[in-house]
Amino acid sequence: MSGTNKAVSDTADGMGAKGKVATKKESKERLKVKSEVLMYLGPSIKGAANHGQIFRDGISPALAEKMEKFPVLRNLCFPIDEATGKFAELKAGGSVSKLYEAAAVQLKEKGDRDE
């Protein structure tokens, strides 16, 4: 399944190579797969998720709520088998880094970032 669902978009605004944002339905389906272990690589969020947190049996309701409010967060959860590569992208300033920074700005503006 992880080969067909790409969590990362190419730009910080969540737009992918095809100019599409992951739909709410696509994101929810990917994030609630019970057999898949996911890692959140976004900024830590008060009461919802910590950077690098692992989710088994889908994401937490608190993180799902934040993803509704901040759609860019949907692109910062990855299947655990992709997490090492995505973490390297984050550190190297790649597309994951741009998404992380966009999320951090949005969360800080709304007072939701756990600094």
Side-chain angles (χ1 to χ4, degrees):
M1 176 174 163
S2 62
T4 60
N5 289 317
K6 297 296 177 194
V8 177
S9 297
D10 293 326
T11 63
D13 65 0
M15 298 299 287
K18 296 181 182 177
K20 285 179 47 179
V21 174
T23 66
K24 210 180 282 188
K25 182 179 178 185
E26 290 169 338
S27 295
K28 284 182 179 180
E29 286 174 10
R30 177 175 46 83
L31 297 173
K32 288 187 178 179
V33 173
K34 297 293 183 192
S35 63
E36 191 165 44
V37 178
L38 299 170
M39 180 178 273
Y40 172 72
L41 290 179
S44 293
I45 306 168
K46 293 178 195 172
N50 292 315
H51 176 74
Q53 186 169 347
I54 295 173
F55 291 93
R56 292 173 176 83
D57 297 325
I59 61 169
S60 69
L63 182 56
E65 184 179 313
K66 294 297 181 184
M67 287 178 172
E68 291 291 323
K69 189 173 177 183
F70 304 101
V72 69
L73 298 175
R74 296 181 194 146
N75 295 310
L76 291 166
C77 269
F78 302 96
I80 197 72
D81 61 338
E82 296 177 16
T84 301
K86 299 302 180 183
F87 188 73
E89 265 186 58
L90 176 65
K91 293 296 181 189
S95 60
V96 177
S97 178
K98 291 176 180 130
L99 290 165
Y100 181 100
E101 290 302 320
V105 167
Q106 291 175 24
L107 290 165
K108 188 172 183 176
E109 286 174 356
K110 299 291 183 179
D112 287 319
R113 176 129 188 234
D114 189 12
E115 298 190 50

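A quick note: this is a predicted structure, and the numbers were derived from the prediction, not measured.
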Original post:
Does Glu101 come within less than 4.0 Å of Lys98, counting only side-chain N to carboxylate O?
Top reply: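 Result for this pair is no, no salt bridge flagged.
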
Subject >> Minimum-distance pair of heavy atoms, taken over all atoms of Phe55 and Ala49 >> reply: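 Nearest pair, atom of Phe55 first, then Ala49: CZ-CB, 4.1 Å.
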
Original post:
What's the shortest heavy-atom distance between Ala48 and Ser60, and which atoms?
Top reply: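 Closest heavy-atom pair between Ala48 and Ser60: O-OG, 3.5 Å.
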
Original post:
Which of these, Asp57, Ile80, Asp81, sits in a side-chain contact (heavy atoms from CB on, under 4.5 Å) with Val37?
Top reply: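 That would be Ile80.
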
**OP:** Consider only side-chain heavy atoms of I, L, V, M, F, W and Y, link residues closer than 4.5 Å, and tell whether Ile54 and Leu38 are in one cluster.
**Re:**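 In one cluster with Ile54: Leu38, yes.
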
Would you compute the distance between atom [atom1] of [X] and atom [atom2] of [Y] and round it to the nearest 0.5 angstrom?
X: Lys66; Y: Gln106; atom1: NZ; atom2: CD; answer: 12.5 Å
X: Lys86; Y: Cys77; atom1: NZ; atom2: SG; answer: 13.0 Å
X: Phe78; Y: Thr84; atom1: CZ; atom2: OG1; answer: 12.0 Å

**OP:** Go through Leu90 and His51 one step at a time and tell me if the side-chain contact (heavy atoms from CB on, under 4.5 Å) criterion holds.
**Re:** CA-CA 12 Å; Leu90 176 65; His51 176 74; 3.5 Å; yes

Subject >> side-chain contact (heavy atoms from CB on, under 4.5 Å) between Leu63 and Gln53, intermediate numbers included >> reply: CA-CA 11 Å; Leu63 182 56; Gln53 186 169 347; over 6 Å; no

**OP:** Would you please test Leu99 and Leu41 for side-chain contact (heavy atoms from CB on, under 4.5 Å) and show each step?
**Re:** CA-CA 10 Å; Leu99 290 165; Leu41 290 179; over 6 Å; no

**OP:** Would you sort out whether Tyr40 and Ile59 count as a side-chain contact (heavy atoms from CB on, under 4.5 Å), showing the intermediate values?
**Re:** CA-CA 9 Å; Tyr40 172 72; Ile59 61 169; over 6 Å; no

Original post:
Taking C-beta and beyond as the side chain, do Lys110 and Phe70 meet within less than 4.5 Å on heavy atoms?
Top reply: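 Result yes, sub-4.5 Å side-chain heavy-atom pair found.
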
